[in-house]
Structure formats: C-alpha cells, structure tokens
Amino acid sequence: MKKINKIRSILFFAACLLMGCEDGFDTGLDLQPTGAVSEDIFWNDESDARLAVNAIYNELDNTQMVIELDGITDIGFRSASNVPTFNDVRLGEIDPSNGTITNIWNRYYRGIRKANDAILNIGLLEDGDAEELARLEAEARFLRAYYYTQLTSLWGDVPLILEPLEINDQRPANDKAEIVDFIIEELDDIINANALPLSYSEGNIGRATHGAALTLKARVALRNDMYDMVVDATTAVMDLGIYALYPHYGELFQFSGQNSQEVIFDRQYAVGGSTYNAFGYSAASIGGGSAVEPMHGLFEKYEYNGPVNPDNPFENIDPRWDFTAYYTGEPIGNSTFNSWPSSNTPDRISSTEFSTIYGYNLKKWIDYETYAANPDIGSINMILMRYADVLLMYAEAKIELGDIDASVYDAINQIRQRPTVEMPAITPGKSQEELREIVRNERAVELAFEGLRIYDINRWQIGEVKAGLLQGMYYINESSGEWEILDLGVQANFEERDYLWPIPQSEMDINDVLEQNTGY
C-alpha cells in the first residue's frame, strides 16, 4: 500500500510543479497554510494529511473576494489604477479574457484539486488516529463544497470534478442544480456525522467547524431559493448557543474583534505568515491607495435615526455608515479627513494616484492604531461567515415563505439594535413586501464590503442597480454653495448576461467540451 501511495504522491507533486503550487507550511492555521505536501512525505500518517488539508485552506477567499468584490457592485467602486480588469466588471465591460476573473476561477479549482487529492489519500492511509483523519477528511470535503458554492454562484454550470485528473482530461460543465445537490449532500454527511467540532483550541482556530458547515448549507440554499432548508439550517446554527453578535460593530472588523463569538468562519492571517497591506484599500492620508471606495449607492441605503439636517447629510445617520466610510470631517489617523476639491490634504479627490476618485474612503477593516507603524503587516482575518448573516438569512427565508412571526422581527432587530448601532426596531404589522425590502436593505448596510453584495444582486435579479452614472460623495459646491452629489460622468452598464461571469478564455482554449456562458 505504501508503494502505491508513494507512486500516487510522485504523480501529484509532478502535477503540482506544472500547475503552480505554493511553498511553505505550518501545522496550524495561524500562518499561511501549505500549497503542497513536501516531496519527502508519502502519506504515511495523519501529520501528512494535516499538511495536505492546510494547503486547501490557502485557496480560501481573501481581501479580493471580501473587500474588493463589493467594489464591482452598486455600493462600491474598484479603482482602475490597480486592477483594471476588475474595474471592467464594475462598468459592465467584462469579457472571457479578463485576467482577474480567470485568476479567481483558477484559484477555486486549485482548491478543489488539492481537496480531491487529500480526500483520496486520507481514505487510503493505514496508519493514524482514526478520529483525526475523519475530521481532516471532513474539512477537505467542506472546503471543496465551499469552492463549488462560489463557482456555481458566479459561473452557473461548471465542471464537477471529484477525483484527481489525468493531465489531458477534459470535462464538460455539469448543470448547476446537480452541483448544488452534491454540495448539500456533502454538507449533510458532514453535519449528520458530527464530523467537525464546534470549536478548536489555540493553533487550530480558523479550521472548519460544525457551525460553518450549517452556515454554508444555509448560504447555498438561500442562493438557490431553498427557503425551508435555509430556515432549518440557520435555526440549527442559532440553537448551538455558541454564537452571538459582537457588541461593537466597528471593532468587529479590527484586531480586537478577531475570533469573536460572532465569527463562524474566516480567512486567517498572521504576522510572519500571510499578511496584506492593512491600509491599501483606504485613504491616502494614512498611506492607503484608495483601491476600493464606498459610493453614493451605499450611502443612500442608510436610514436616519432623527431629523435630516439639510446642512449636514451625515447627521443622525445609521452609525454603521460612520464605521464603514471616511467622509469629510471624520477623524482619520492624527488628522481630519477632507476629500473636497478645496482640500489641501492628500485625500483631495484625484489629487494623486492614491487619492479617492469619488470622495469617500473605506473605514471598515481599517485598524489605524494597530498598523500605523507598519501597514504592510496587516493580519486582520477576512470574515467569510458571521452570525449577523445567519440571522438575516433566517429572516429572509421566513419572509419568502410567508411565515412571518415574531422571530422574523427579532432576528432583524437584534442586528439593528446591536450596541453601537442602536437603530429603531422594526415594528410588527409589516407586509411581506415591506419586510422583503427591509431585510434586503439591512443586508446591504450590515454586510457592506464583506463580499456578499454581488450574490444578493444576482439571486434577487436586480442587476439594473449596477447601471447608470457612478455617483460619489456629498459635498458643498463652492460655486453654488449647495450640497451636491459628486458625478464625474462615468457610466456603468448592465446586461442580462452579467448575472453570470464568462468562463475564462484560457480554460475554453484547453477544454474543447466546455460551452461558454450565454452572451460571451
């Protein structure tokens, strides 16, 4: 058996060299996981399995798919100066040769390839702790299900590959419904077997848990209108009794909120391992590059908790706006943010290539006090699943089923009345349509720049909200003395085809049996 495993591993590593595996590994998830098991390891025991499963985590969604992804929707803008191909998606100019889209597709399939190899070889191991091997296999299956959830949500029909492929193998796309059924079956197996723990001790924090499997099941069900399943899965998460809303909304996305009781699953970072530029998405005055900007489309979704002041549109607004965006007059670092055309600061609109273009900068995910001395070692984990989303999925599913009761209002109001937010409660007696609009708006403001907006737009079939003139900040026009919305005359487009991304041209070129998505 060991000879067979050795041959299989050699073939795997040869493929790794051709397909670009990463180097380096750690036994926990506090550092960057491995991209491949070392050539000296031939699948002998659970330590080898652990290294291989760590490699699968390395393909998890990162800052690009959490922060940047909302920059290609109606609530944000992805600067053209850094990643023009993502900017093309924002403007409705996507095509199959788009390099950013191609890289995302490749990353998910790298994760699937690694998962398939791990699942196969863990099943062949003769030595090792059976309980740990079962858990590691469940982690690999969970991660594969996660990657297929993302692929089907963005591309629709894609190849369903469940075993290591020969180098010249070609696979046609499977129907999205078939893949969704597979995802749910996989997650049900993991959940019903209690194959994943509720939590982990230090050193393994960040691995998939029982709660993460339930939450992923709810997410894939919601994206495919399986509302009864959403209610059951989210209820099961709530009934675990281990998750709760973090008291401070702003600090949830800073160092102090890491691994809190609200976080269900995240992409882990750590100094000395995987890090990023902590301020790269934010304001020039703190060394940022304004790579992603909140837009007026987001601002107008925040409600007022008090009278609207015609002389100050930011007064009495939902505090979540203040925790999400920098706008003129806000403290930033050791100074005050000012992006108006008259500003003499680095934040003046379009004053440099690093300045905001539309007038707002991102505040969410920015922990100035922690990273001011060295922004290059940003290590705040990117939250992929959290409890507030569970509550909103539960409420939405119940609303769509017409099963509107006190629990729906309670789920929404827990979020609205979180300490530091404290918006007025939604009062009973609303119609299904009224509640539908409330929960949709709540998802936009609560989950802004967490990488979920595009999936909501697509499943609600409201793609037209991305079209039209791009609008930015509120500011006082010095010529007229009036408050205006910044409009630079840039037009975004949307077509029906844009509900799905094109299959990368590079993939079409090597896979003759794939068919391109309609419209591309």
Side-chain angles (χ1 to χ4, degrees), residues 70 73-75 153 214-239 243-246 249 262 264 297-306 308 316-321 323-324 385-466 499:
D70 277 4
T73 70
D74 60 321
I75 66 172
S153 298
L214 285 167
T215 303
L216 181 58
K217 181 180 177 182
R219 177 171 289 177
V220 70
L222 187 71
R223 291 182 185 176
N224 291 278
D225 302 333
M226 301 174 178
Y227 299 118
D228 285 313
M229 188 180 297
V230 176
V231 172
D232 290 343
T234 51
T235 299
V237 175
M238 292 185 278
D239 288 347
Y243 301 112
L245 297 178
Y246 189 69
Y249 180 82
E262 184 163 347
I264 298 174
L298 175 63
F299 173 82
E300 64 182 358
K301 295 183 182 301
Y302 290 89
E303 302 170 29
Y304 287 92
N305 187 11
V308 179
N316 296 325
I317 201 166
D318 185 331
R320 287 173 292 187
W321 167 253
F323 292 127
T324 300
M385 302 177 193
R386 63 182 176 99
Y387 190 59
D389 188 21
V390 170
L391 294 174
L392 289 171
M393 288 193 291
Y394 172 83
E396 181 177 347
K398 294 268 285 185
I399 292 166
E400 294 301 327
L401 290 168
D403 184 15
I404 299 169
D405 56 20
S407 69
V408 172
Y409 291 92
D410 179 64
I412 298 171
N413 287 330
Q414 282 186 60
I415 295 168
R416 291 175 61 86
Q417 300 193 299
R418 178 203 301 259
T420 69
V421 176
E422 298 170 343
M423 290 296 290
I426 303 299
T427 56
K430 301 291 188 296
S431 68
Q432 182 187 45
E433 184 57 35
E434 287 173 324
L435 282 171
R436 179 180 290 131
E437 291 307 308
I438 287 169
V439 80
R440 289 184 177 189
N441 198 77
E442 201 65 30
R443 287 189 65 83
V445 300
E446 172 70 19
L447 304 172
F449 297 99
E450 295 180 47
L452 297 176
R453 180 65 176 169
I454 191 171
Y455 306 105
D456 288 345
I457 287 173
N458 290 349
R459 65 191 178 82
W460 294 331
Q461 294 286 287
I462 58 168
E464 64 277 1
V465 301
K466 295 193 291 182
Y499 283 121

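A quick note: this is a predicted structure, and the numbers were derived from the prediction, not measured. If you read the sequence from its start, that first residue is 1, and numbering goes on from there. Below, each value reflects all heavy atoms present in this structure, side chains not excepted, and no hydrogens, waters or symmetry copies.
Side-chain atoms of P424 and N305, non-hydrogen and from C-beta on, do get closer than 4.5 Å to each other. Counting heavy atoms from C-beta outward, R320 and I415 have side chains that approach closer than 4.5 Å. Within the 4.5 Å cutoff, the side chain of F299 has no heavy atoms near those of the I75 side chain. Annotation: side chain of T215 is not in contact with side chain of Y387 (no heavy-atom distance under 4.5 Å). Taking the side chain as every heavy atom from C-beta outward, T324 and L298 approach each other to under 4.5 Å.
Of the possible donor and acceptor atoms, none in the side chain of Y249 sits under 3.5 Å from a partner among the backbone N and O of F323. In this structure, the side chain of N316 does not engage the main chain of G306 through any donor-acceptor pair within 3.5 Å. Using a distance-only test at 3.5 Å, with no hydrogens or angles considered, no donor-acceptor pair links the side chain of T73 to the main chain of R453. Side-chain N or O atoms of Y409 include one that pairs as donor or acceptor with a backbone N or O of G429 at under 3.5 Å. With hydrogens and angles disregarded, a donor-acceptor distance shorter than 3.5 Å links the side chain of E434 to the backbone of S431. Between the D74 side chain and the V465 main chain, no donor and acceptor come within less than 3.5 Å of each other.
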What pairs of donor and acceptor atoms, side-chain ones from residues 388-399 against any protein atom, are under 3.5 angstrom apart with sequence neighbours left out?
| from | atom 1 | to | atom 2 | distance (Å) |
| --- | --- | --- | --- | --- |
| D389 | OD1 | R443 | NH1 | 2.8 |
| D389 | OD1 | R443 | NH2 | 3.3 |
| D389 | OD2 | R219 | NH2 | 3.0 |
| Y394 | OH | S407 | OG | 2.7 |
| E396 | OE1 | R459 | NH2 | 2.9 |
| E396 | OE2 | R459 | NH1 | 2.7 |
| E396 | OE2 | R459 | NH2 | 3.4 |
| E396 | OE2 | W460 | NE1 | 3.0 |
| K398 | NZ | D403 | OD2 | 2.9 |
| K398 | NZ | D405 | OD2 | 3.0 |

Identify all side-chain donor-acceptor contacts of residues 230-239 below 3.5 Å with residues at least two apart in sequence or on another chain.
| from | atom 1 | to | atom 2 | distance (Å) |
| --- | --- | --- | --- | --- |
| T234 | OG1 | V230 | O | 2.7 |
| T234 | OG1 | V231 | O | 3.2 |
| T235 | OG1 | V231 | O | 2.6 |

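For the atom pair T420 OG1 and E422 CD, the distance stands at 7.0 Å (nearest 0.5 Å). We find the CD-CG distance between E400 and L222 to be 9.0 Å, quoted to the nearest 0.5 Å. Note that CD1 of I457 is 9.5 Å distant from CD of E464, once rounded to the nearest 0.5 Å.
The side-chain hydrogen bond (donor to acceptor under 3.5 Å, both in side chains) check on Q461 picks up nothing, with sequence neighbours excluded. Take Y243 and apply the side-chain hydrogen bond (donor to acceptor under 3.5 Å, both in side chains) test, not counting sequence neighbours, and it matches no residue. Applying the side-chain hydrogen bond (donor to acceptor under 3.5 Å, both in side chains) rule to K466 yields no partners; only residues at least two apart in sequence or on another chain are considered.
Heavy-atom minimum distance, L435 versus I404: CD1-CG2, 3.5 Å. Considering all non-hydrogen atoms of both residues, L452 and D70 come closest at N-OD1, 3.6 Å. The shortest non-hydrogen separation linking M229 to A221 is SD-CB, 3.8 Å. Here the shortest heavy-atom pairing between A444 and K301 reads CB-CD, 3.5 Å.
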Report task. For L447 and R386, run side chain to side chain contact (heavy atoms under 4.5 Å, CB included): C-alpha distance rounded to whole Å, both residues' side-chain angles, the deciding distance at 0.1 Å, then the answer. Result -> CA-CA 10 Å; L447 304 172; R386 63 182 176 99; 3.4 Å; yes
Requested in this report: Check the pair D318 / Y304 against side chain to side chain contact (heavy atoms under 4.5 Å, CB included), numbers first and verdict last.
Outcome: CA-CA 6 Å; D318 185 331; Y304 287 92; over 6 Å; no
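Residue pairs satisfying the salt bridge (Lys or Arg N to Asp or Glu O under 4.0 Å) criterion with at least one member in residues 407-421, sequence neighbours excluded, are listed as follows: E262-R418, E303-R416, R416-E442, R418-E446.
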